[in-house]
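In what follows, a single structure is set out as structure tokens and then discussed.
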Amino acid sequence: MVTILNRRRHGFDVVIYTNDHGPAHVHVFRGRNKLKAELQPVRIVYSRGFNSRERRCIRALLEEHHTLLLREWTRLHVK
């Protein structure tokens with residue numbers, strides 16, 4: 001697991017699991033809340049514990065950092 005964006009700066013931990021499967025996606029955590037989002041296009045797959053305002057904030061964060069997240073996914077999974 002690699003943390004790409006961390007809580008200190010954004011309020012959420014955005015991680016990519018190194019042994020995960022496609023399609024390209026990230027996992028987002030804060031406390032016991034968790035969310036999975038695909039990256040192409042940015043789409044929330046599931047969300048546990050986040051309210052609609054938080055989901056909109058997470059989606060905006062993922063879209064803002066889309067290039068970084070997709071680059072890191074590719075670096076970790078395309079050999």
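Numbers here simply count residues along the sequence, with the first being 1.
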Within the 4.5 Å heavy-atom criterion, are Ile4 and Val26 side-chain neighbours or not? no
Do His27 and Lys34 have side-chain heavy atoms sitting under 4.5 Å apart? no
Return the [atom1] to [atom2] distance between [X] and [Y], rounded to the nearest 0.5 Å.
X: Arg53; Y: Ile58; atom1: CZ; atom2: CD1; result: 10.0 Å
X: Tyr17; Y: Lys36; atom1: OH; atom2: NZ; result: 10.5 Å
X: Glu54; Y: Asn33; atom1: CD; atom2: CG; result: 6.5 Å
X: Arg75; Y: Leu68; atom1: CZ; atom2: CG; result: 9.5 Å
X: Leu62; Y: Leu70; atom1: CG; atom2: CG; result: 11.5 Å
X: Glu72; Y: Leu39; atom1: CD; atom2: CG; result: 11.5 Å

Backbone N or O of Gly49 within a donor-acceptor pair of the Arg32 side chain at under 3.5 Å? no
Path from Trp73 to Val45 over hydrophobic side-chain contacts below 4.5 Å: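 Hydrophobic grouping puts Trp73 apart from Val45.
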The side chain to side chain contact (heavy atoms under 4.5 Å, CB included) partner of Val2 among Val14, Leu76, Val15 is Leu76
Suppose the criterion is side chain to side chain donor-acceptor pair (under 3.5 Å): which pairs have a residue in residues 39-50, not counting sequence neighbours?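 As it turns out, the side chain to side chain donor-acceptor pair (under 3.5 Å) pairs with a partner in residues 39-50, which skip direct neighbours, are Glu38-Arg43.
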